[in-house]
**Student:** 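Take a look at the following structure, please.
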Amino acid sequence: MAEKILYLSQADIVSLNLDMSKIIAALEQMFREKGEGRVEMPPKPGIHPRPDSFIHAMPAYIPGLNSAGMKWVSGYPENLGKGLPYISGLIILNDPETGLPLAVMDCTWITAKRTGAATAIAAKYLARLDSAVVGILGCGVQGRSNLEALKILFPIKRALSYDVSATARDLYIKEMTEKFGLEVLPAREPKDAVSGCDIVVTAGPILKIPHVTIQPGWLNAGAFASLVDFDSYWHPNALREVDKFCTDDVPQLEYYKTVGYFQNIPPIYADLGELVTGRKPGRENRDERTMTCNLGLALDDMATAPLVYRLALERGVGTWLSL
Ligand SMILES: NC(=O)c1ccc[n+]([C@@H]2O[C@H](COP(=O)([O-])OP(=O)(O)OC[C@H]3O[C@@H](n4cnc5c(N)ncnc54)[C@H](O)[C@@H]3O)[C@@H](O)[C@H]2O)c1
């Protein structure tokens, strides 16, 4: 008898509506395993069929979550002009016991949510626990999932939102107000979504040469920032005002430096594994400025994929295919 795999489309995964709080918990457990050196994640090999494009293989194994598999993800900037998504791809989830593929699933929803969850984990260790005001720069998919995840761990009351597109910003304000019952206000200038905020998330385009919009003196003492779009938004001197500059994975950040990113960042204080396991202290007082630049790890995807798979089995969602 042929073995079966479960195929989960984007619509299948959206319909499951997996709780963000469960994704945050799975990522925290994963970062603890990573901090203890109990995970496997080789560097991302990639191919580059068109200028500025990539197709990356992102394998990972997390014994503590019984999760093994790989994301095969492409980024094609030219796609936007063709009415196609910039990022697309698939996740293959394997049985760690036999190696057999269990499921193939679209990666879009998982990528969006796990990135927000990784910001929330970093914030748990680096932001003030009473953080109530969030600044969001870049009101797209990440602007949404980052706010959703932060709202779960912090008593967020207000969000200041900035986007180069007023249409995108206004849509974001409408959606987030309705969905989360927060006060979501427009920021006319980028500075209005930074100064006065307890938490700042930058989620515009990733650039090798930063546009350095955020200037020294903008980020309040005691604030935390998550750089979802790498250092693209930040003036190097604004980064240097930060007391603790963290990331999700140091070797991956060092690799990005060798290919032209992160040419002017401060020394790395800790990775999230070190913070979650307590090997390095997170925030130590109310005045520290803290920051994480999470690059996005195969481990994030492989912490989330089994949750989606199990929920799909439970609810009978997806299409069974023969191997
Ligand atoms: N670090 C990670 O793990 C990770 C994971 C996924 C995506 N990303 C990155 O996050 C960023 C956002 O991704 P997304 O899926 O939300 O994209 P998106 O296209 O859904 O949203 C991007 C938004 O940014 C706006 N924008 C463009 N330039 C801007 C600027 N200078 N200031 C403010 N807003 C600006 C756009 O109008 C758009 O609304 C991308 O750079 C993406 O590569 C990072």
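Numbering of residues begins at 1 and proceeds along the displayed sequence. All values derive from a computational prediction rather than experimental measurement.
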**Student:** Between Leu100, Leu102, Val104, which is the residue that forms a side-chain contact (heavy atoms from CB on, under 4.5 Å) with Ile5?
**Tutor:** Val104
**Student:** Between Asn220 (side chain only) and Gly222 (backbone N and O only), is there a donor and an acceptor less than 3.5 Å apart?
**Tutor:** no
**Student:** Distance-only check: which donor-acceptor pairs under 3.5 Å involve side-chain atoms of residues 45-61, not counting sequence neighbours?
**Tutor:**
| residue | atom | partner | partner atom | Å |
| --- | --- | --- | --- | --- |
| Ser53 | OG | Arg50 | N | 2.9 |
| Ser53 | OG | Arg50 | O | 2.6 |

**Student:** Does any non-hydrogen side-chain atom of Glu33 lie less than 4.5 Å from one of Leu65?
**Tutor:** no
**Student:** Which atom pair, heavy atoms only, marks the closest approach of Asp106 to Ile13?
**Tutor:** O-CD1, 3.4 Å
**Student:** Just checking, any donor-acceptor pair under 3.5 angstrom between side chains of Thr111 and Lys71?
**Tutor:** yes
**Student:** Should the heavy atoms of other residues, nucleotides or ligands under 6.0 Å from OH of Tyr7 be counted, would the total exceed 12?
**Tutor:** yes
**Student:** Between the side chains of Asp12 and Ser15, is a donor N or O closer than 3.5 angstrom to an acceptor N or O?
**Tutor:** no
**Student:** Does some side-chain heavy atom of Glu97 sit less than 4.5 Å from a side-chain heavy atom of Asn66?
**Tutor:** no
**Student:** Ignoring hydrogens and angles, tell me if any N or O in the side chain of Thr304 forms a donor-acceptor pair with the backbone of Asp300 under 3.5 Å.
**Tutor:** yes
**Student:** How many angstroms lie between atom CZ of Arg38 and atom CZ of Arg32, to the nearest 0.5 angstrom?
**Tutor:** 9.5 Å
**Student:** Answer with yes or no whether the hydrophobic clustering places Leu6 together with Leu323; edges join I, L, V, M, F, W, Y residues whose side-chain heavy atoms lie under 4.5 Å apart.
**Tutor:** no
**Student:** Could you report the tightest heavy-atom contact between Gly282 and Leu126, atom names first, then the distance?
**Tutor:** CA-CD2, 4.2 Å
**Student:** Determine whether Phe230 and Leu253 satisfy the following criterion, side-chain contact (heavy atoms from CB on, under 4.5 Å), listing intermediate values before the conclusion.
**Tutor:** CA-CA 10 Å; Phe230 294 12; Leu253 193 137; over 6 Å; no
**Student:** Ignoring hydrogens and geometry, is there a side-chain-to-backbone donor-acceptor pair from Thr247 to Val250 under 3.5 Å?
**Tutor:** no
**Student:** So, Tyr125 and Glu274: side-chain donor and acceptor under 3.5 Å apart, yes or no?
**Tutor:** no
**Student:** Examine distances only and state if a side-chain atom of Asp163 and a backbone atom of Ser165 form a donor-acceptor pair shorter than 3.5 Å.
**Tutor:** yes
**Student:** Can Arg289 and Asp243 be counted as an ion pair, charged N to O under 4.0 angstrom?
**Tutor:** no
**Student:** Mind checking whether Val201 and Trp234 sit in one hydrophobic cluster, side chains of I, L, V, M, F, W, Y counted as touching below 4.5 Å?
**Tutor:** no
**Student:** Does CD1 belonging to Ile209 count more than 12 external heavy atoms closer than 6.0 Å?
**Tutor:** no
**Student:** Mind checking what makes side chain to side chain contact (heavy atoms under 4.5 Å, CB included) contact with Asn237, not counting sequence neighbours?
**Tutor:** Pro216, His235, Arg240
**Student:** Is the side chain of Asn294 donor-acceptor paired with the backbone N or O of Gly296 at a distance under 3.5 Å, no angle test?
**Tutor:** no
**Student:** Would you say Thr292's side chain and Ser226's backbone share a donor-acceptor pair under 3.5 angstrom?
**Tutor:** no
**Student:** Determine the minimum heavy-atom distance between Leu272 and Ala118, stating which atoms define it.
**Tutor:** CD1-O, 4.1 Å
**Student:** For Tyr233 and Leu227, what are the C-alpha separation, side-chain angles and deciding distance, and is it a side-chain contact (heavy atoms from CB on, under 4.5 Å)?
**Tutor:** CA-CA 8 Å; Tyr233 236 106; Leu227 282 51; over 6 Å; no
**Student:** Considering only NZ, NE, NH1 and NH2 on the basic side and carboxylate oxygens on the acidic side, decide whether Asp271 and Lys280 come within less than 4.0 Å.
**Tutor:** no
**Student:** Just one of Arg283, Glu284, Met291 clears the side-chain contact (heavy atoms from CB on, under 4.5 Å) bar with Lys244, so which one?
**Tutor:** Glu284
**Student:** Go through it in stages, so that I can follow the logic: the residues are Lys34 and Asp248, the test is salt bridge (charged side-chain N to carboxylate O under 4.0 Å, His left out), and I'd like the CA-CA distance, side-chain angles, deciding distance and then a yes or no.
**Tutor:** CA-CA 10 Å; Lys34 182 177 190 297; Asp248 51 359; over 6 Å; no
**Student:** Do Leu160 and Asp192 have side-chain heavy atoms sitting under 4.5 Å apart?
**Tutor:** no
**Student:** Quick check: does any side chain N or O of Gln263 sit under 3.5 Å from a backbone N or O of Tyr261, one acting as donor and the other as acceptor?
**Tutor:** yes
**Student:** If hydrophobic clusters are built by linking Ile, Leu, Val, Met, Phe, Trp and Tyr wherever their side-chain heavy atoms come under 4.5 Å apart, do Leu299 and Leu295 end up in the same one?
**Tutor:** no
**Student:** Applying the 4.5 Å side-chain criterion to the ILVMFWY set and letting contacts propagate, would Ile156 and Met20 be lumped into a single cluster?
**Tutor:** yes
**Student:** Side-chain heavy atoms nearer than 4.5 Å, only ILVMFWY residues, links allowed to pass through others: does that put Ile110 and Met70 together?
**Tutor:** no
**Student:** Donor-acceptor pairs are to be reported for all side-chain atoms of residues 309-322 against protein atoms at under 3.5 Å, with residues two or more places apart or in another chain.
**Tutor:**
| residue | atom | partner | partner atom | Å |
| --- | --- | --- | --- | --- |
| Arg315 | NH1 | Leu16 | O | 2.9 |
| Ser322 | OG | Lys4 | NZ | 3.4 |

**Student:** Do Tyr256 and Ile206 have side chains that approach each other closer than 4.5 Å (heavy atoms only, starting at C-beta)?
**Tutor:** no
**Student:** Let me see the working for Leu275 and Cys246 under side-chain contact (heavy atoms from CB on, under 4.5 Å), right down to the final yes or no.
**Tutor:** CA-CA 9 Å; Leu275 296 180; Cys246 303; 4.1 Å; yes
**Student:** Around Lys22, counting heavy atoms of other residues, nucleotides and ligands shown, do more than 12 lie under 6.0 Å from its NZ?
**Tutor:** no
**Student:** Determine all donor-acceptor pairs shorter than 3.5 Å in which one atom belongs to a side chain in residues 178-187; sequence neighbours excluded.
**Tutor:**
| residue | atom | partner | partner atom | Å |
| --- | --- | --- | --- | --- |
| Glu178 | OE2 | Lys174 | NZ | 3.3 |
| Glu183 | OE1 | Arg158 | NE | 3.1 |

**Student:** Side-chain atoms of residues 86-94: list all donor-acceptor pairs with protein atoms under 3.5 Å, sequence neighbours left out, distances to 0.1 Å.
**Tutor:**
| residue | atom | partner | partner atom | Å |
| --- | --- | --- | --- | --- |
| Ser88 | OG | Ser74 | OG | 3.1 |
| Asn94 | ND2 | Gly99 | O | 2.9 |

**Student:** Decide if atom CG of Leu129 counts as having more than 12 heavy atoms of other residues, nucleotides or ligands within a radius under 6.0 Å.
**Tutor:** no
**Student:** Decide side-chain contact (heavy atoms from CB on, under 4.5 Å) for Val242 and Tyr269; before the verdict, give the C-alpha distance in whole Å, the side-chain angles of both, and the deciding distance to 0.1 Å.
**Tutor:** CA-CA 10 Å; Val242 165; Tyr269 165 73; over 6 Å; no
**Student:** Pairs of donor and acceptor atoms involving the side chains of residues 130-155, under 3.5 Å and at least two apart or interchain, shall be tabulated with distances.
**Tutor:**
| residue | atom | partner | partner atom | Å |
| --- | --- | --- | --- | --- |
| Asp130 | OD1 | Arg128 | NE | 3.1 |
| Asp130 | OD2 | Arg286 | NH1 | 3.2 |
| Asp130 | OD2 | Arg286 | NH2 | 3.1 |
| Ser131 | OG | Arg128 | O | 2.6 |
| Gln142 | OE1 | Ser145 | OG | 3.3 |
| Gln142 | OE1 | Asn146 | ND2 | 3.1 |
| Arg144 | NE | Glu175 | OE1 | 2.9 |
| Arg144 | NH1 | Cys139 | O | 2.9 |
| Arg144 | NH1 | Gly140 | O | 3.2 |
| Arg144 | NH2 | Glu175 | OE2 | 3.1 |
| Ser145 | OG | Ala112 | O | 2.8 |
| Asn146 | OD1 | Thr119 | OG1 | 2.6 |
| Asn146 | ND2 | Gln142 | O | 2.9 |
| Glu148 | OE1 | Lys113 | NZ | 2.8 |

**Student:** Minimum heavy-atom separation for Trp218 to Ser195, with atom names?
**Tutor:** O-OG, 2.8 Å
**Student:** Take atom CD of Glu254 as the centre, draw a 6.0 Å sphere, and report whether it contains more than 12 heavy atoms from other residues, nucleotides or ligands.
**Tutor:** yes
**Student:** Please test Asp229 against Thr202 for side chain to side chain donor-acceptor pair (under 3.5 Å), starting from the C-alpha separation and ending with a verdict.
**Tutor:** CA-CA 6 Å; Asp229 53 2; Thr202 55; 2.8 Å; yes
**Student:** Might you point out which heavy atoms bring Val276 and Glu28 nearest each other, and give the distance in Å?
**Tutor:** CG1-O, 3.7 Å
**Student:** Where is the tightest heavy-atom contact between Ala223 and Leu219, given as atom of each residue plus distance?
**Tutor:** CB-CD1, 3.7 Å
